[in-house]
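Take a look at the structure below.
Protein chains get the first letters and strands the later ones, always in sequence-line order, with residue 1 at the start of each. All values below come from the heavy atoms of this structure, side chains included, with hydrogens, waters and symmetry mates left out.
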Number of protein chains: 2
Amino acid sequence: MSNDENIYRQMLNAIVEHQLPPGARLPEDRLSEAFGVSRTGIRKVLQRLALEHFVIIEKNKGAQVNRPSEAEALEVLDSRILIEPQLIPALLDHWNTEHSERFRIMVTEEKRAEEANQLADSIQLTARFHYELAKLSGNQVLASFVEQLCYRSSLILAAYGTRGSVGCECGDHSQLLDILDQGRKDEAKTWMSHHLKHIKSSLILESKPEENIDFQRLFGR
Amino acid sequence: MSNDENIYRQMLNAIVEHQLPPGARLPEDRLSEAFGVSRTGIRKVLQRLALEHFVIIEKNKGAQVNRPSEAEALEVLDSRILIEPQLIPALLDHWNTEHSERFRIMVTEEKRAEEANQLADSIQLTARFHYELAKLSGNQVLASFVEQLCYRSSLILAAYGTRGSVGCECGDHSQLLDILDQGRKDEAKTWMSHHLKHIKSSLILESKPEENIDFQRLFGR
DNA sequence: AATGAATTAATTGTGCACAATATTGGTGTG
DNA sequence: CACACCAATATTGTGCACAATTAATTCATT
């Protein structure tokens with residue numbers, strides 16, 4: 001694996017697992033020291049993470065882990081609600097027992113991670129479940145978009161999620177597999193839709209402190 | 001406007017307008033010379049273009065304009081078919097005469113550009129029409145994804161499009177505006193779907209030269 | 001003690017130099 | 001003449017140094 005990709009993965013993991021919480025600053029010096037490469041390499045990775053909305057780079061102020069706005073949070077979930085259910089039909093065309101078994105193993109791991117309270121693994125596995133499912137649709141363009149949305153969702157749950165739940169309960173995911181095994185296309189679509197809407201509605205909005213208070217609007221004029 | 005963004009826009013324009021055709025090599029030296037900045041700045045732009053699939057960077061071999069594979073071309077169009085029609089309902093919620101007028105001006109410009117045989121402007125305007133429409137859905141996440149897909153479509157049409165047509169005829173776009181003005185939601189959705197499927201089916205596949213010719217298969221054995 | 005200016009420190013932006021790698025052309029040998 | 005090997009060239013990869021900017025601290029003044 002290339003060195004860049006390695007660093008990128010490690011940082012992305014740290015972000016979606018909330019080891020680097022939203023708002024955490026990411027000074028290039030420390031990172032270059034930590035990874036044993038020059039700032040040049042770090043900057044490349046940060047640029048990429050910024051384009052994918054995992055970090056925010058402000059000119060002359062450096063990078064920090066993105067703190068998704070409420071609007072962004074809702075839009076990401078809405079995007080998933082619009083896309084993921086629509087992938088089910090194509091997915092079912094390729095669905096077979098091999099896939100079923102593979103995903104059931106994943107769900108088992110999810111369950112174990114959640115019971116062991118290993119938040120990091122739990123988050124990763126939840127996102128991977130949705131991404132791997134999307135890949136089976138056969139459309140790699142959409143799949144990689146779903147991948148990005150899933151990881152962004154992890155970040156969103158860090159900011160707005162109900163504590164303890166990472167969004168989808170594992171039981172839920174095995175439910176979907178049952179439906180897929182029975183080839184019930186429409187049911188699977190609506191299940192996925194409900195599942196994502198459930199996550200969306202579980203977000204706790206308007207409770208976090210505002211980052212930029214609009215004093216002008218509050219007192220001005 | 002920042003310098004990076006400026007260079008990025010210029011290069012992206014050159015690519016989607018086919019001034020830099022698929023396969024064109026992009027040596028960092030020449031570009032840094034042309035733009036009057038150091039290779040550092042150029043590399044940043046190239047990295048970004050690569051992440052967005054407009055150029056391909058191979059290790060130690062540099063960047064070149066992406067030549068989309070047939071599979072990629074179909075996947076991009078399929079993605080648009082899946083997303084863009086679904087944006088219509090939300091779009092219609094905000095639709096008003098101001099929007100209508102703005103888009104009719106755009107269509108007029110499209111028509112003029114096409115008649116004047118200004119391929120570059122024509123391509124830009126066609127992509128912008130779809131992107132601006134997507135923005136009106138209110139979901140910026142999906143809109144910027146659509147933007148990327150539209151620009152990638154331009155690149156695809158460079159490789160697989162029928163000569164003379166850039167995909168959508170302008171008459172078509174004004175048709176959609178008529179339907180939107182009448183608030184016919186379902187009709188607009190199906191129109192958009194048909195429109196994109198028409199573009200997809202107009203692609204001339206398996207006719208362009210392969211990027212990596214398999215000489216072994218072609219002559220060997 | 002509070003405020004504001006000025007200095008200091010920390011961090012990022014940018015260009016350059018050298019190392020690493022791939023490609024091309026040439027040379028020699030069988 | 002074919003083949004392999006080697007050398008030269010061109011291009012990218014990476015680290016470093018210095019400039020530019022922002023943030024923090026100090027200090028002076030009221």
Side-chain angles (χ1 to χ4, degrees), chain A residues 1-11 14-15 20-67 209 211-213 215 219, chain B residues 1-12 14-15 20-67 209-216 219-221:
Chain A
M1 181 193 287
S2 84
N3 202 7
D4 289 343
E5 189 71 14
N6 184 25
I7 296 175
Y8 167 78
R9 281 286 160 201
Q10 286 194 52
M11 289 195 62
I15 291 173
L20 288 172
R25 297 200 57 192
L26 305 170
E28 298 172 355
D29 290 354
R30 319 286 174 75
L31 292 171
S32 75
E33 192 178 350
F35 285 107
V37 299
S38 171
R39 278 177 55 211
T40 309
I42 296 295
R43 287 177 71 85
K44 189 159 74 171
V45 173
L46 288 176
Q47 304 280 354
R48 176 171 176 186
L49 289 169
L51 284 176
E52 294 167 341
H53 302 98
F54 294 110
V55 311
I56 298 291
I57 296 180
E58 285 178 294
K59 175 131 181 162
N60 285 315
K61 294 181 67 177
Q64 60 179 249
V65 178
N66 183 21
R67 189 194 305 273
E211 54 253 71
N212 287 326
I213 301 172
F215 291 107
F219 303 115
Chain B
M1 183 193 287
S2 85
N3 202 6
D4 289 344
E5 189 71 14
N6 184 24
I7 296 175
Y8 167 78
R9 281 285 160 201
Q10 286 194 53
M11 290 195 62
L12 180 57
I15 291 173
L20 288 172
R25 298 200 56 191
L26 305 170
E28 298 172 355
D29 291 354
R30 319 286 174 73
L31 291 171
S32 75
E33 192 178 351
F35 285 107
V37 299
S38 171
R39 277 177 56 211
T40 309
I42 296 296
R43 287 176 70 85
K44 189 158 75 169
V45 173
L46 288 175
Q47 305 279 354
R48 176 172 175 186
L49 289 168
L51 286 174
E52 294 167 342
H53 303 98
F54 294 111
V55 311
I56 297 291
I57 296 180
E58 285 177 294
K59 176 131 180 161
N60 284 317
K61 293 180 67 177
Q64 59 178 252
V65 179
N66 184 22
R67 189 194 305 274
E210 283 289 333
E211 56 254 67
N212 287 326
I213 301 173
D214 189 348
F215 291 107
Q216 191 61 32
F219 303 116
R221 208 143 337 204

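Protein atom CG of B:D29 is 6 Å distant from nucleotide atom P of D:dT12, rounded to whole Å. Between A:I57 atom CD1 and D:dT21 atom C1' there is a gap of 16 Å when expressed in whole angstrom units. Atom-to-atom, CD of B:Q64 to C1' of C:dA22 comes out at 14 Å; the value is rounded to the nearest Å. For the pair A:D4 CG and D:dG15 C1', the computed distance is 14 Å after rounding to whole Å. A:E28 places its CD atom 12 Å from the C1' atom of C:dA10, with the value rounded to the nearest Å. Rounded to whole Å, the distance from CG on B:L31 to P on D:dT11 is 12 Å. Rounded to an integer number of Å, the gap from CD of B:E58 to P of D:dG13 is 11 Å. Taking atom CD of residue A:E33 and atom C1' of nucleotide C:dA10, one finds them 14 Å apart after rounding to whole Å.
A heavy atom lying under 4.0 Å from DNA chain D marks the following residues of residues 36-47 of chain B, by number: B:R39, B:R43.
When distances are taken from the side chain of B:K59 to each of C:dG13, D:dG13, C:dT11, the shortest belongs to D:dG13. Counting only heavy atoms from C-beta on, A:N60 has its side chain closest to D:dT21 among C:dT23, D:dT21, D:dT11.
The side-chain heavy atoms of B:L31 and B:M11, taken from C-beta on, include a pair separated by under 4.5 Å. Side-chain contact check for B:L12 versus B:E52: every heavy-atom pair is 4.5 Å or farther apart.
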Exercise for review: Could you please spell out the steps behind the side chain to side chain contact (heavy atoms under 4.5 Å, CB included) verdict for A:L51 and B:Q47?
Suggested key: CA-CA 10 Å; A:L51 284 176; B:Q47 305 279 354; over 6 Å; no
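In this structure, A:P22 and A:N66 approach most closely via the heavy-atom pair CB-O, 3.5 Å.
Annotation: the span from A:F35 atom CZ to A:N6 atom CG amounts to 7.5 Å, rounded to 0.5 Å.
Legend: salt bridge (charged side-chain N to carboxylate O under 4.0 Å, His left out) pairs involving residues 33-47 of chain A, not counting sequence neighbours, sorted by first then second residue: A:D4-A:K44, A:E28-A:R39, A:E28-A:R43.
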